[in-house]
Amino acid sequence: MLEMLRHDFLRHALAAAAISGVALAYVGVYVVLRRIVFVGAALAQLGAAGVGLALLTEQSPLLMGSAAVLLGVIGFALLPPQERTVSRESLLGAAYALASALALLFVAKSPVGEAHMVSLLFGDLLAVGHGDMELLAAACLLVIALHLFGYHAFVAVTVDPTFAHAVGVRERLTNLLFYLSLGVLVGACIRAIGALVVFAFLVLPPVAGLLWARRFAHAFAIAGTVALLSALFGLWLSFHYDLPAGPSVVAVCGALTVIAAIGRLCFASA
């Protein structure tokens with residue numbers, strides 16, 4: 001009986017990590033190309049703060065986390081492009097620091113106490129249930145479907161906004177859809193896999209993909225493959241060596257990215 005429960009937990013954890021990892025890695029290619037990695041970090045921590053507030057007020061962590069991320073997306077969209085005294089990066093750094101502190105304070109004062117602090121930061125893949133899994137899968141598939149449908153517009157606006165405008169792509173609408181999809185994705189994933197894992201999937205697999213790919217389609221494919229392998233081997237390490245699931249996935253993801261970078265360096269110098 002215990003062995004059956006163990007395998008059931010593993011299947012849910014693997015499905016959650018694989019689906020969220022592939023979706024985050026796909027969107028993360030745009031995040032890296034647009035040089036808005038800090039936006040991803042800030043949104044992940046805002047989602048964690050929302051989940052912490054939900055635990056404090058005994059509300060739905062998924063809804064509160066998603067609402068916090070979407071508010072962050074709206075706030076980012078309203079930021080001016082340039083400021084003479086305070087840069088956009090400085091404001092994002094301030095938001096990241098404040099959200100991190102609030103997340104920990106909310107959890108510390110919540111009825112569940114500090115027992116959920118680790119899962120807030122690193123996720124609790126082994127506790128993903130059927131209902132959570134369905135919502136997570138629906139959000140990820142919705143975002144991927146949107147990006148596949150608007151593939152050419154998203155790529156054009158990311159690579160060359162001037163060209164995109166010249167060929168009739170609605171830049172403002174495309175950017176709005178991109179940031180909304182990023183917010184929905186981060187908000188949906190934050191409760192299941194945690195802020196650190198969300199940020200890792202947004203950055204590490206896309207870096208590996210962009211290092212090796214010569215075409216955008218290849219970058220998305222490589223990034224998704226790295227994320228999927230990270231989920232598989234990370235959870236295998238977690239189960240066989242009794243390690244935390246989230247950090248194990250991130251460690252494998254980081255190792256694969258480093259291997260990709262070293263391989264690319266050796267290949268280029270050969």
Side-chain angles (χ1 to χ4, degrees), residues 16-49 65 69 72-73 76 88-89 91-93 95-97 99-100 103 120-123 125 139-140 143-144 147 154-155 158-159 178-179 181-213 216 218-235 244-265:
I19 292 173
S20 59
V22 171
L24 287 164
Y26 187 99
V27 178
V29 173
Y30 293 110
V31 170
V32 175
L33 285 173
R34 287 169 174 251
R35 302 177 186 272
I36 55 169
V37 170
F38 216 166
V39 173
L43 290 179
Q45 286 305 124
L46 284 170
V69 172
V73 168
F76 174 76
R88 176 181 289 193
E89 288 73 19
L91 295 175
L92 288 170
Y96 174 87
S100 301
L120 178 66
L121 296 174
F122 304 115
L125 284 167
C140 292
V143 169
I144 291 298
H147 277 264
F154 284 120
V155 170
T158 299
V159 176
F178 170 75
Y179 284 112
S181 67
L182 177 62
V184 168
L185 187 60
V186 171
C189 296
I190 200 77
R191 180 69 179 100
I193 64 177
L196 175 65
V197 188
V198 166
F199 182 58
F201 276 142
L202 274 176
V203 178
L204 294 175
V207 168
L210 291 169
L211 281 172
W212 278 96
F216 282 106
H218 296 163
F220 293 119
I222 295 172
T225 301
V226 170
L228 185 59
L229 290 175
S230 300
L232 288 169
F233 287 108
L235 286 173
S248 298
V249 171
V250 174
V252 173
C253 192
L256 291 176
T257 305
V258 170
I259 291 171
I262 294 174
R264 182 59 183 167
L265 183 63

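Between A223 and A25, the closest heavy-atom pair is O-CB, 3.5 Å. Taking all atoms of both residues into account, the shortest heavy-atom contact from A227 to G21 is CB-O, 3.4 Å. Considering every non-hydrogen atom in both L228 and A18, the closest pair reads CD1-CB, 3.6 Å. Contact record, V22 with G224: CG2-O, 3.8 Å, taken as the closest heavy-atom pair. A pairwise comparison of heavy atoms in V32 and V203 identifies CG2-O, 4.2 Å as the closest pair. Among all heavy-atom pairs drawn from Q45 and S100, the shortest one is NE2-OG, 2.9 Å.
A donor-acceptor contact shorter than 3.5 Å is absent between the side chain of W212 and the backbone of A219.
Side-chain contact check for T158 versus F178: every heavy-atom pair is 4.5 Å or farther apart. Using a 4.5 Å cut-off on side-chain heavy atoms (C-beta onward), V184 and V143 make contact. Contact annotation: the side chain of V186 approaches that of L202 to within less than 4.5 Å [non-hydrogen atoms, C-beta and beyond]. Using a 4.5 Å cut-off on side-chain heavy atoms (C-beta onward), L229 and V252 make no contact. In this structure, the side chains of P205 and S230 stay at 4.5 Å or more apart for every pair of heavy atoms. Looking at I222 and L211, their side chains never come closer than 4.5 Å, going by heavy atoms from C-beta outward.
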Check the pair V226 / L204 against side-chain contact (heavy atoms from CB on, under 4.5 Å), numbers first and verdict last.
CA-CA 9 Å; V226 170; L204 294 175; over 6 Å; no
So V39 and L92, side-chain contact (heavy atoms from CB on, under 4.5 Å) or not? Walk me through it.
CA-CA 7 Å; V39 173; L92 288 170; 3.6 Å; yes
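Interatomic distance, L33 CG to L210 CG, rounded to the nearest 0.5 Å: 5.0 Å. Once rounded to the nearest 0.5 Å, the distance linking CZ of F199 with CG of L24 reads 12.0 Å. Distance CG/L43 to OH/Y179: 9.5 Å, rounded to 0.5 Å. Separation of atoms OG1 (T257) and CD1 (I262) is listed at 11.0 Å; rounding is to 0.5 Å. Between L46 atom CG and I190 atom CD1 the span is 9.5 Å, to the nearest 0.5 Å. Of the inter-residue distances, the one linking L185 atom CG with F201 atom CZ reads 11.5 Å to the nearest 0.5 angstrom.
Side-chain rings of H147 and Y30 approach one another, their centers coming within less than 6.0 Å.
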